[in-house]
Amino acid sequence: MTYIGRFAPSPSGPLHFGSLVAALGSYFQAKSQQGLWLIRIEDLDPPREVEGATELILKALDAYGLHSDKPIVYQSERHDLYQAQIEQWLEQNQAYYCQCTRKQIKATGGFYTGTCRGKQISDDRQCSVRLKVDHPITEFSDEKHGTISIPEDLAKEDFIIKRRDGLFAYNLAVVIDDIDQGITEVVRGADLIEPTGRQISLYHELGEPEVKYLHLPLALDENGNKLSKQNHATAIDLDNPKPTLLMAMTFLGFKISEELEALNIASIIQWGVDNWSLDQLPSETEITPRFSNGSL
Ligand code: GLU
């Protein structure tokens with residue numbers, strides 16, 4: 001079976017150091033196994049998107065020598081697929097409309113306890129759609145971290161597949177697309193360990209074989225916060241990519257030699273593919289990188 005991996009950024013801002021780490025890690029993991037590597041733009045949540053971010057992300061990936069092996073997929077063009085699946089589950093009584101607000105759920109302890117499960121609500125206005133979780137996933141295996149446990153309250157929650165505001169939920173779209181694109185392993189930042197159980201539930205519900213998972217260390221800023229587009233993490237340099245590329249590779253556990261530093265971007269990436277190993281990848285899930293010039 002051909003390995004197929006992917007990088008799936010949301011266009012909520014330009015690529016920052018943390019997302020470059022995820023892009024590189026997924027690329028090295030795919031290419032070191034003679035696999036394909038795909039780019040998917042997760043433009044599912046227009047209110048959180050920043051104009052021009054998609055173009056900037058694609059430009060950055062290009063500047064860092066990371067090219068998709070297939071045409072880029074955009075989630076904004078795939079709503080019919082997500083909606084059809086939701087409707088099928090609603091018909092089969094595997095999903096249901098829910099009127100509870102986030103505030104109400106918070107007031108009852110923070111976890112959704114199935115309040116609307118038996119209510120047979122048919123009016124979809126001001127409702128979210130939840131999937132019935134009959135077989136909670138309480139653990140999964142990560143290629144680096146081994147068995148990861150999921151708290152029971154979280155695992156057994158009937159989770160949202162379509163939001164009250166009408167937007168499709170990330171967990172649903174990501175799984176439908178990963179299946180559709182034939183993804184065999186999901187490589188991404190450790191901030192997405194938490195929803196993995198829900199995503200595995202969706203594979204089971206869809207009767208599809210599970211994929212493998214590898215979660216990469218998250219880059220934190222000096223205050224211990226995740227570098228994120230919401231936190232306005234600095235965009236990576238597109239004009240002079242080499243220093244940032246080498247920093248990101250150091251973060252992923254590579255030892256960078258002077259000879260390597262002298263190569264061009266494409267050769268550095270190829271060296272990364274040839275020398276990638278999960279043993280060298282740090283096993284922490286969160287790291288504050290310290291680089292000689294102190295910048296990220
Ligand atoms: N779109 C998600 C993000 O940018 C990543 C999805 C994934 O890799 O599963 O955080």
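Counting convention: from 1, in listed order, for ligands and their atoms alike.
Taking the ring centroids of Y213 and F140, they lie under the 6.0 Å cut-off.
Distances below 4.0 Å separate heavy atoms of E42 from the following atoms of ligand 1: 1 (N), 2 (C), 5 (C), 6 (C). Heavy-atom contacts of R188 reach the following atoms of ligand 1: 7 (C), 8 (O), 9 (O) (cutoff under 4.0 Å). Residue R6 approaches ligand 1 through these ligand atoms, each under 4.0 Å from one of its heavy atoms: 7 (C), 8 (O), 9 (O). Which parts of ligand 1 touch V174 is read off a 4.0 Å heavy-atom cut-off, strictly below it: atoms 9 (O).
Between the side chain of S128 and the main chain of R163, no donor-acceptor pair closer than 3.5 Å is present.
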- Query: Between D43 and R78, does a salt bridge (Lys or Arg N to Asp or Glu O under 4.0 Å) hold up when you go through it step by step?
  - Reply: CA-CA 10 Å; D43 49 355; R78 299 167 60 78; over 6 Å; no
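Among protein heavy atoms, the minimum distance from atom 10 (O) of ligand 1 is reached at L192 CD1, 4.1 Å. Remark: minimum distance from atom 5 (C) of ligand 1 to any protein heavy atom is reached at A8 O, 3.3 Å. Among protein heavy atoms, atom 3 (C) of ligand 1 sits closest to S10 OG, 3.5 Å.
Relative to the six-membered ring of Y112, R130 meets both conditions, a distance below 6.0 Å and an angle of at most 45° to the axis.
The aromatic rings of F254 and W271 lie tilted to each other, with the angle between the two planes from 30° to 60°.
No more than 12 heavy atoms of other residues, nucleotides or ligands lie within 6.0 Å of CZ in R102, so this atom counts as exposed by the packing criterion.
L281 is listed as a side-chain neighbour of P217, based on a closest heavy-atom distance under 4.5 Å.
The residue D191 has no part lying near ligand 1, judged by heavy-atom distances below 4.0 Å. Counting heavy atoms under 4.0 Å from ligand 1, residue Y170 touches it through the side chain alone.
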